[in-house]
Amino acid sequence: LRPGTLFGIFFEGLACFQLARTNNGERSKRMEKGEMVLAKMKLLSQHSSWNWENKMLLLEAEKMHTLGDFDGAASFYEKSIQSAREHKFIHEEAIASELAGIFFLEGGLREKSLHLFLHSIWSYKTWGALAVAKRVETFIVGKYGSVVMQVVPSQDTFDRLFESSEDNSTKKRP
């Protein structure tokens with residue numbers, strides 16, 4: 001398979017898990033397709049963890065999110081962001097941070113979610129995806145108010161992302 005095709009398959013898997021959360025009539029079909037993509041990413045990750053590990057971890061996170069497994073999803077989101085960062089995939093770090101932000105916001109962890117969104121914005125801007133960064137900014141202004149944009153996203157935002165991971169078990173869950 002060509003790399004472009006594999007990336008398309010990856011994004012198809014993300015879409016399948018998200019659609020499974022919103023479309024009950026197609027849920028089992030979407031879950032099945034998402035799990036097939038996840039299985040492919042696992043095989044690719046075994047072949048080249050550098051290129052595929054963070055994608056496989058993000059798909060695992062989305063699957064756990066869809067299944068309602070808070071602890072599993074939280075762990076996989078964090079591992080995906082860290083793997084993307086370690087392997088220098090800034091655009092995938094941004095995507096994983098944004099999706100994790102949505103997950104934690106749904107779970108009522110607003111501060112952690114905000115840090116993830118801010119990190120996502122910084123990552124998108126660093127990558128050069130200014131329109132996507134603006135979309136995330138608009139989204140968080142709608143959820144948190146315009147005052148949050150006075151906080152300038154920076155690389156330091158990453159350091160604050162996981163400092164309270166141990167405390168997640170005592171907080172509200174989605």
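Excluded from the calculations below are hydrogen atoms, water molecules and symmetry mates; all remaining heavy atoms, backbone and side chain alike, are included.
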| field | Near-ring test Trp52/Phe89, centroid separation under 6.0 angstrom | value | no
With no hydrogens and no angle check, is any side-chain donor or acceptor of [X] less than 3.5 Å from a backbone partner on [Y]?
| X | Y | result |
| --- | --- | --- |
| Ser49 | Ser45 | no |
| Thr66 | Phe17 | yes |
| Ser80 | Ala96 | no |
| Ser75 | Asp71 | no |

| Minimum heavy-atom distance Phe117-Ile102, with the two atoms named | CZ-N, 3.4 Å
| note | For Leu38 and Leu59, the nearest pair of non-hydrogen atoms, with its separation, is CD1-CB, 3.7 Å
If two hydrophobic side chains count as joined below 4.5 Å and joins carry through other members, does [X] share a cluster with [Y]?
| X | Y | result |
| --- | --- | --- |
| Leu14 | Leu43 | no |
| Trp50 | Met56 | no |
| Met36 | Phe76 | no |
| Phe7 | Met41 | yes |

Between [Y] and [X], is the closest basic N to carboxylate O distance under 4.0 Å?
| X | Y | result |
| --- | --- | --- |
| Arg21 | Glu62 | yes |
| Arg85 | Glu92 | no |
| Lys42 | Glu60 | yes |
| Lys125 | Glu137 | yes |
| Glu26 | Lys33 | no |

Output the distance between atom [atom1] ([X]) and atom [atom2] ([Y]), rounded to the nearest 0.5 Å.
| X | Y | atom1 | atom2 | result |
| --- | --- | --- | --- | --- |
| Ser120 | Phe139 | OG | CZ | 10.5 Å |
| Ser48 | His87 | OG | NE2 | 8.5 Å |
| Lys112 | Leu105 | NZ | CG | 13.5 Å |
| Leu114 | Glu111 | CG | CD | 8.0 Å |
| Arg135 | Ile121 | CZ | CD1 | 10.0 Å |
| Ile95 | Leu99 | CD1 | CG | 7.5 Å |

| said: Leu19 and side chain to side chain contact (heavy atoms under 4.5 Å, CB included): which single residue from Lys29, Met31, Arg30 fits? | reply: Arg30
| query | What's the verdict on side chain to side chain donor-acceptor pair (under 3.5 Å) for Tyr144 and Ser113, showing C-alpha distance, side-chain angles and the deciding distance? | reply | CA-CA 10 Å; Tyr144 295 89; Ser113 176; 3.0 Å; yes
| request: Show your reasoning for whether side chain to side chain donor-acceptor pair (under 3.5 Å) applies to Ser83 and Glu53. | output: CA-CA 7 Å; Ser83 176; Glu53 178 184 70; 2.7 Å; yes
| Would you say the side chain of Val147 lies within less than 4.5 Å of the side chain of Val141, judging by non-hydrogen atoms? | no
| Test log, rule salt bridge (charged side-chain N to carboxylate O under 4.0 Å, His left out), inputs Glu86 and Lys79 | CA-CA 10 Å; Glu86 177 184 331; Lys79 288 175 185 175; over 6 Å; no
| task | Dump the intermediate steps for side chain to side chain donor-acceptor pair (under 3.5 Å) on His119 and Glu93, then the final yes or no. | result | CA-CA 9 Å; His119 182 67; Glu93 185 177 347; 2.5 Å; yes
| query | Does the side chain to side chain donor-acceptor pair (under 3.5 Å) test come out yes or no for His91 and Tyr124, once each step is laid out? | reply | CA-CA 6 Å; His91 60 298; Tyr124 281 130; over 6 Å; no
| said: What verdict does the side-chain contact (heavy atoms from CB on, under 4.5 Å) test give for Phe10 and Thr5, after you've listed the backbone C-alpha separation in whole Å, the side-chain angles of each residue and the deciding distance to 0.1 Å? | reply: CA-CA 9 Å; Phe10 165 65; Thr5 303; over 6 Å; no
| said: Using side-chain contact (heavy atoms from CB on, under 4.5 Å), reason through Leu116 and Ile81 one step at a time and then give a plain yes or no. | reply: CA-CA 10 Å; Leu116 286 157; Ile81 294 165; 3.6 Å; yes
| message | Parallel, tilted or perpendicular: which one describes the rings of Tyr77 and Phe104, with boundaries at 30° and 60°? | response | tilted
